[in-house]
Amino acid sequence: MSEQDKTGYPGFFLTIEGGEGAGKTTSIEFISAWLKNQNIDFVQTREPGGTPLAERIRELLLAPGDERVADMTELLMMFAARAQHLESVIKPALAAGKLVLCDRFTDASFAYQGAGRGLSMKSLSVLESLVQGGLRPDMTILLDLPVEVGMARASGRGELDRIELEKMDFFVRVRQGYLSRAAGEPDRFEIVNAAHSIQQVQDALKAVLESRVNHG
Ligand code: Z5A
């Protein structure tokens with residue numbers, strides 16, 4: 001990956017998004033195995049998190065507790081973690097020409113804090129520019145599925161975190177938020193139907209990776 005791309009860095013920034021139970025973890029394992037197989041030098045990371053400090057912010061964000069977390073606090077903590085993650089992990093890896101495989105990024109803030117919580121998209125865009133400058137993912141894979149299917153899958157996983165405890169209508173807004181982001185940037189997004197079987201999802205992921213990562 002030597003060509004300068006739209007992040008302004010020589011590396012390639014690939015983000016994976018999706019609602020509850022979309023199978024991100026399962027898909028990221030598949031993508032990571034595919035990248036290794038192609039001998040592509042990559043760094044795997046996640047948001048919120050990816051550095052010791054950002055992981056501590058993640059714990060604070062996701063732990064259920066007695067004090068209600070205000071929506072704006074939640075948003076600013078997501079971006080605080082992101083600022084640290086960008087400086088310590090993402091930018092250095094992209095500058096070194098690596099592929100960064102990131103489990104969620106700013107589209108999640110637009111979907112969860114914007115569409116889900118109802119915070120202003122304009123404020124989100126201001127924070128996005130402040131924290132990231134012009135840096136945006138080169139490609140985003142959105143694992144999309146009906147909320148009921150995803151919630152049924154996620155409920156089989158055991159204890160729910162603070163955000164997972166939200167009600168169905170919150171996740172319906174989150175899904176719509178993701179789909180409208182994808183509609184607004186069709187060149188960046190690849191939507192994969194995550195309601196399909198794991199094998200079908202992996203076939204779709206392979207096709208996307210072969211066409212967009214192998215060929216620059
Ligand atoms: N968040 C936010 O609000 N704002 C932000 O800016 C950011 C994040 C960055 C933590 O994210 C929370 O942070 C998240 C959004 C918020 N909150 N919520 N809710 P996370 O990404 O760490 O957490 P997660 O959403 O729970 O993701 P996950 O762990 O990757 O879960 P998943 O997508 O559901 O994936 P999975 O564990 O691979 O799959 C779930 C189950 O389904 C599992 O049993 C699989 O075996 C099964 N599965 C997977 N694929 C299939 C298919 N195709 N068919 C059948 N079964 C399947």
Side-chain angles (χ1 to χ4, degrees), residues 15-33 44-51 54-55 57-64 69-86 89-90 100-119 121 123-125 127-128 131-132 137 140-175 177-178 181 192-206:
T15 60
I16 315 297
E17 300 281 357
E20 292 321 280
K24 283 187 304 91
T25 300
T26 313
S27 294
I28 284 171
E29 278 168 21
F30 175 82
I31 294 170
S32 144
Q44 185 178 330
T45 187
R46 70 170 180 181
E47 289 213 346
T51 85
E55 289 290 332
I57 297 175
R58 177 191 178 91
E59 281 169 29
L60 292 172
L61 272 164
L62 298 184
V69 180
D71 296 346
M72 185 54 78
T73 309
E74 183 177 271
L75 175 67
L76 293 173
M77 286 172 80
M78 292 291 176
F79 271 97
R82 183 162 299 134
Q84 187 68 17
H85 190 209
L86 277 163
V89 176
I90 298 177
V100 173
L101 171 60
C102 191
D103 183 347
R104 297 196 189 277
F105 191 62
T106 307
D107 294 304
S109 302
F110 279 93
Y112 283 82
Q113 283 67 51
R117 303 278 189 225
L119 290 173
M121 297 294 180
S123 307
L124 271 143
S125 297
L127 278 173
E128 182 183 40
V131 170
Q132 297 166 219
T140 298
I141 297 177
L142 172 59
L143 296 165
D144 176 60
L145 81 175
V147 173
E148 319 79 72
V149 179
M151 287 185 89
R153 281 187 198 165
S155 65
R157 267 188 325 206
E159 223 167 285
L160 300 176
D161 69 38
R162 187 182 57 83
I163 299 178
E164 285 168 338
L165 289 166
E166 285 295 332
K167 303 272 179 305
M168 174 79 94
D169 59 340
F170 173 83
F171 294 109
V172 169
R173 292 196 298 279
V174 168
R175 183 186 187 200
Y178 270 131
R181 292 282 291 168
V192 168
N193 186 340
H196 285 164
S197 70
I198 292 182
Q199 185 60 56
Q200 286 171 310
V201 170
Q202 293 183 345
D203 289 346
L205 290 172
K206 187 165 175 260

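Atoms within each ligand, like the ligands themselves, are counted from 1 in listed order. Reckoned from all heavy atoms, side chains included, excluding hydrogens, waters and symmetry mates. These numbers come from a predicted model, not from an experiment.
- Look at Arg82 and you'll find a heavy atom under 4.0 Å from some atom of ligand 1.
- In this structure, atom 17 (N) of ligand 1 lies nearest to the protein heavy atom Ile163 CG2, 3.7 Å.
- The contact set between ligand 1 and Ser197, taken as ligand atoms under 4.0 Å from a residue heavy atom, comprises 53 (N).
- Near Ala22, meaning under 4.0 Å from any of its heavy atoms, are these atoms of ligand 1: 33 (O), 34 (O).
- Between Tyr178 and Tyr112, the angle of the ring planes goes over 60°, which puts this pair in the perpendicular group of the 30/60° scheme.
- At a distance under 4.0 Å, no protein heavy atom can be found next to atom 43 (C) of ligand 1.
- A donor-acceptor contact shorter than 3.5 Å is absent between the side chain of Thr73 and the backbone of Val69.
- The nearest pair of heavy atoms linking Gly21 to Arg153 is O-NH1, 3.0 Å.
- Minimum heavy-atom separation, Met168 to Val147: SD-CG1, 3.3 Å.
- Neither the backbone nor the side chain of Gln200 has any atom closer than 4.0 Å to an atom of ligand 1 (non-hydrogen atoms only).
- Of all the atoms in ligand 1, the ones that sit under 4.0 Å from a non-hydrogen atom of Gly21 are 34 (O).
- Between Phe105 and Leu86 the shortest side-chain heavy-atom distance falls below 4.5 Å.
- Of all non-hydrogen atoms in Glu47 and Cys102, the two that sit nearest each other are CG-SG, 4.0 Å.
- Of all non-hydrogen atoms in Lys24 and Ile16, the two that sit nearest each other are CD-O, 3.9 Å.
- Taking 4.0 Å as the cut-off, His196 counts as a neighbour of ligand 1 on heavy-atom distance.
- The ligand atoms of ligand 1 that sit less than 4.0 angstrom from a heavy atom of Asp103 are 21 (O).
- Side chains of Thr45 and Thr51 form no contact here, defined as non-hydrogen atoms less than 4.5 Å apart.
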Run the salt bridge (Lys or Arg N to Asp or Glu O under 4.0 Å) check on Glu20 and Arg175 step by step: do they pass?
CA-CA 9 Å; Glu20 292 321 280; Arg175 183 186 187 200; over 6 Å; no
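- Among Lys206, Gln200, Gln199, the one residue that satisfies the side chain to side chain donor-acceptor pair (under 3.5 Å) test with Asp203 is Gln199.
- The nearest heavy-atom contact from the protein to atom 39 (O) of ligand 1 is Gly23 CA, 3.6 Å.
- For ligand 1, the polar-atom distance check against Met78 finds no nitrogen or oxygen pair separated by under 3.5 Å.
- Here is the list of ligand 1 atoms found below 4.0 Å of a heavy atom in Pro48: 7 (C), 8 (C), 9 (C), 13 (O).
- Shortest contact from atom 24 (P) of ligand 1 to any protein heavy atom: Arg104 NH2, 3.8 Å.
- Distances between N or O atoms of Ser109 and those of ligand 1 include at least one value under 3.5 Å.
- Atom 55 (C) of ligand 1 has Arg153 NE, 3.4 Å as its closest protein atom, hydrogens excluded (heavy atom only).
- Shortest non-hydrogen contact noted between Asn193 and Val201 is O-CG2, 3.6 Å.
- Atom 28 (P) of ligand 1 has Thr25 OG1, 3.4 Å as its closest protein atom, hydrogens excluded (heavy atom only).
- Ligand-side atoms of ligand 1 in range of Glu47: 9 (C), range being under 4.0 angstrom from any heavy atom.
- The shortest contact between atom 49 (C) of ligand 1 and any protein heavy atom is with Thr26 OG1, 3.5 Å.
- Among all heavy-atom pairs drawn from Ala115 and Gly177, the shortest one is CB-CA, 3.6 Å.
- Closest to atom 26 (O) of ligand 1, if we only count protein heavy atoms, is Glu164 OE2, 3.0 Å.
- With rounding to the nearest 0.5 Å, the separation of CD in Glu55 from NE2 in His85 is 8.5 Å.
- No side-chain donor from either of Arg181 and Thr140 sits under 3.5 Å from a side-chain acceptor of the other.
- Residue contacts with ligand 1, taken as heavy atom pairs separated by less than 4.0 Å, involve Gln113 solely via side-chain atoms from C-beta onward.
- Contacts between Ile28 and ligand 1 below 4.0 angstrom, taking non-hydrogen atoms only, are absent altogether.
- Only the side chain of Arg58 comes within 4.0 Å of ligand 1, judged by heavy-atom distances.
- Looking at atom 27 (O) of ligand 1, its nearest protein heavy atom turns out to be Lys24 NZ, 3.1 Å.
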